[in-house]
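Worksheet for the structure shown next.
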Amino acid sequence: MYDVIVIGGGPSGIMAAITAAKFNNRKVLLIEKNKELGRKLLVSGGGRCNITNLKSISNFMLYVNDRFPYKTLNNFGPNEIFQYFEDLGVELKEEEDNKVFPISNQARDILNALIKDLQKFGVDVHHEEVIQVDKVKYDFHITTDKTTYNSKYVVVATGGLTYPQLGSTETGYQIAKKYNHVVTELYPNNTPLISDDEFIKNKTLQGISLKDVTIKYKTSYRGPMIFTHFGISGPTVLNISKNVYFGLKNGPVILKIDLLPDVKREELLDKIKELSSVSLALKELLPKRLVEFIVNKTNTTQNISEISKDRMNKLLEMVKNFEISINSLKGYENAIVTGGGVSLTDIDPKTMESKSVYNLYFVGEVLDLDGKTGGYNLTIALSTGYTAGYSI
Ligand SMILES: Cc1cc2nc3c(=O)[nH]c(=O)nc-3n(C[C@H](O)[C@H](O)[C@H](O)COP(=O)(O)OP(=O)(O)OC[C@H]3O[C@@H](n4cnc5c(N)ncnc54)[C@H](O)[C@@H]3O)c2cc1C
């Protein structure tokens with residue numbers, strides 16, 4: 001009989017297991033269906049693992065879908081996560097936009113540190129798949145593909161549905177539903193966007209990457225993006241994908257992209273006048289292939305004296321509001337995080353315990369919690385895991 005069984009050996013489950021053993025001396029079993037722990041952690045941040053983001057908590061909350069984790073972040077937030085890994089001997093660095101990575105650029109170092117801490121506090125780790133959870137009086141019976149375990153507390157840390165090749169299951173949602181928790185609509189989030197526009201289908205702009213654009217649809221995000229063979233991708237595109245997902249319910253979505261957010265229309269016009277050529281002016285600011293596409297589309301290849309005011313306005317509009325029509329999103333196999341999940345209204349944010357089932361906890365991505373790209377999702381996983389383990 002264990003005190004605590006944690007289902008799912010990703011960052012949220014590992015942290016819940018460590019914390020329950022470390023602070024409360026609990027006998028803990030962590031059950032992970034993959035042969036190794038933290039497979040998603042290992043591919044995070046392109047293998048570099050953007051482990052947290054050092055924005056102040058109030059600023060951090062602007063990048064998360066709900067204010068729910070405010071309390072958990074106060075228990076164990078970005079600064080505590082930074083300190084925790086440094087204390088375990090993983091040196092960290094802060095990059096642009098407050099993103100934190102290991103100095104080694106190796107996600108493996110983060111995972112190894114967590115595994116060492118699991119061992120230090122005597123957490124048992126079994127590699128089995130949990131099939132079912134039953135509550136019988138005050139105890140839980142956890143059935144795996146090999147055996148049945150009993151425990152007093154259960155932490156569900158099964159993650160979301162993204163990257164199915166890394167072990168995603170619906171088990172967490174099934175446990176939640178079985179005990180009458182609401183599971184909100186699930187969808188791939190932070191995912192690339194697919195377009196049927198001619199210039200995408202013809203691969204005219206494929207491979208062009210832009211360091212700094214503003215993408216607008218209902219709200220706006222600024223940062224890098226890339227044109228691909230199927231549509232568009234890159235951090236800024238991933239960040240706007242949630243709005244696009246909901247917009248697509250009413251048909252294709254038109255995104256407007258400001259290709260030069262730091263250059264005002266008048267400034268661009270002055271530059272074109274100074275050089276007497278649209279192409280020459282734009283080539284100083286944008287990739288050549290994109291410039292050729294724009295001047296051909298707006299018919300502004302000639303000397304400036306031959307370009308009508310109308311065409312010039314069309315050109316300026318295309319640079320400041322480049323339109324791309326989005327028809328669909330890439331699915332779970334390409335998404336960074338799952339939108340939707342176990343409803344936050346069913347969970348106590350101070351402890352992560354279910355409001356309806358005593359001693360049952362939910363942490364990490366299985367919840368209806370998601371952040372933008374930049375270290376927010378791993379922070380949520382670690383912070384909610386810590387809070388559950390601590391309160392158990
Ligand atoms: C490609 C990619 C890159 C990312 N990069 C970043 C980044 O740099 N920074 C960031 O903040 N976030 C990043 N994320 C998101 C982040 O990795 C996740 O939000 C985070 O891993 C969620 O942690 P978790 O513990 O809740 O779930 P997971 O990490 O998904 O762990 C859940 C675990 O539960 C196990 N499991 C599931 N069902 C069962 C079952 N029935 N029995 C036993 N075990 C089970 C799974 O095998 C899995 O190991 C990235 C995601 C992806 C896909």
Side-chain angles (χ1 to χ4, degrees), residues 10-12 39-53 55 60-66 68-69 95-101 107 158-168 184-195 209-210 213-228 230-249 253 255 257 324 326-342 344 364-384:
S12 67
R39 284 191 63 191
K40 203 169 277 181
L41 186 76
L42 284 179
V43 301
S44 68
R48 296 205 303 134
C49 187
N50 179 190
I51 187 69
T52 191
N53 189 298
K55 288 195 176 62
F60 187 106
M61 298 308 296
L62 301 174
Y63 297 82
V64 180
N65 67 325
D66 198 280
F68 180 92
E95 294 192 358
E96 100 289 344
D97 198 29
N98 310 108
K99 294 178 196 163
V100 174
F101 294 85
T158 44
L161 298 175
T162 65
Y163 276 57
Q165 65 274 27
L166 299 181
S168 309
T184 60
E185 180 180 348
L186 302 170
Y187 57 93
N189 190 8
N190 293 6
T191 195
L193 304 176
I194 300 171
S195 171
S209 73
L210 301 166
V213 298
T214 300
I215 305 186
K216 298 170 270 187
Y217 177 67
K218 295 200 170 149
T219 178
S220 65
Y221 289 99
R222 189 167 169 174
M225 67 160 276
I226 183 164
F227 290 97
T228 68
F230 58 79
I232 50 174
S233 189
T236 320
V237 172
L238 304 192
N239 282 339
I240 207 146
S241 71
K242 176 185 277 202
N243 287 356
V244 175
Y245 172 81
F246 286 104
L248 282 171
K249 289 181 186 272
V253 162
L255 297 184
I257 306 174
I324 177 163
I326 303 300
N327 302 84
S328 57
L329 293 89
K330 285 281 189 182
Y332 287 116
E333 60 288 350
N334 293 93
I336 298 294
V337 70
T338 308
V342 178
L344 303 174
E365 200 179 312
V366 73
L367 293 163
D368 182 6
L369 261 184
D370 58 80
K372 299 296 172 191
T373 57
Y376 305 102
N377 289 300
L378 285 172
T379 305
I380 290 171
L382 294 169
S383 174
T384 53

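In this chain, residues are counted from 1 in sequence order.
- The shortest non-hydrogen separation linking Ser44 to Asn50 is OG-N, 4.5 Å.
- When all heavy atoms are compared, the tightest approach of Ile326 to Val244 is CG2-CG1, 3.8 Å.
- The side-chain heavy atoms of Pro69 and Leu369, taken from C-beta on, include a pair separated by under 4.5 Å.
- Looking only at side-chain heavy atoms (C-beta outward), Lys99 and Arg48 stay at 4.5 Å or farther from each other.
- Counting heavy atoms from C-beta outward, Leu255 and Leu193 have side chains that approach closer than 4.5 Å.
- In this structure, Lys40 is not positioned above the aromatic face of Tyr163 in the sense of NZ or CZ being under 6.0 Å from the six-membered ring centre and within 45° of the axis.
- Distance CG/Asp370 to CD1/Ile336: 12.0 Å, rounded to 0.5 Å.
- Here Glu333 does not pair with Lys330 in a salt bridge; the nearest charged N to carboxylate O distance is not below 4.0 Å.
- Counting only distance, with no hydrogens or angles, the side chain of Ser241 and the backbone of Thr191 share a donor-acceptor pair below 3.5 Å.
- Atom-to-atom distance recorded for Asn327:CG and Ser195:OG is 5.5 Å, nearest 0.5 angstrom.
- When all heavy atoms are compared, the tightest approach of Gly247 to Val253 is C-CG2, 3.5 Å.
- No donor-acceptor pair under 3.5 Å is formed between the side chain of Asn243 and the backbone N or O of Lys216.
- Below 30°, between 30° and 60°, or above 60°: for Tyr376 and Phe60 the angle between ring planes is above 60°, a perpendicular geometry.
- Using a 4.5 Å heavy-atom cutoff, the side chains of Leu238 and Pro192 are in contact.
- Checked by atom type and distance alone, the side chain of Thr338 pairs as donor or acceptor with a backbone atom of Leu161 at under 3.5 Å.
- For the pair Thr184 and Leu344, the minimum side-chain heavy-atom distance is 4.5 Å or more.
- The OH atom of Tyr221 sits 12.5 Å away from the OG1 atom of Thr214 when rounded to the nearest 0.5 Å.
- A donor-acceptor pair is defined here as one N or O able to donate and one able to accept, closer than 3.5 Å; such a pair exists between the side chain of Thr236 and the backbone of Gly223.
- To the nearest 0.5 Å, atom OG of residue Ser233 and atom CD1 of residue Ile226 are 7.5 Å apart.
- Below 30°, between 30° and 60°, or above 60°: for Phe246 and Tyr187 the angle between ring planes is above 60°, a perpendicular geometry.
- Closest approach of Leu186 and Gly341 over heavy atoms only: CD2-N, 3.4 Å.
- Put simply, the side chain of Asn377 never gets that close to the backbone of Glu365: no donor and acceptor are under 3.5 Å apart.
- Under the 4.5 Å side-chain criterion, counting only non-hydrogen atoms from C-beta, Ser168 is not in contact with Tyr332.
- Taken from CD1 in Ile51 to CG in Leu41, the straight-line distance is 5.5 Å, to the nearest 0.5 Å.
- Residues satisfying the side-chain contact (heavy atoms from CB on, under 4.5 Å) test with Pro235, not counting sequence neighbours, are Pro224, Thr373.
- In this structure the side chain of Thr52 never reaches within 4.5 angstrom of the side chain of Leu378, judged on heavy atoms.
- Checking each of Val337, Leu62, Val64, Asn239 against Lys372 for a side-chain contact (heavy atoms from CB on, under 4.5 Å) leaves exactly one that passes, namely Asn239.
- By the 4.5 Å heavy-atom criterion applied to side chains, Leu166 and Val43 are counted as neighbours.
- Residue Asn189 holds its CG atom at 8.0 Å from CG of Asn65, rounded to the nearest 0.5 Å.
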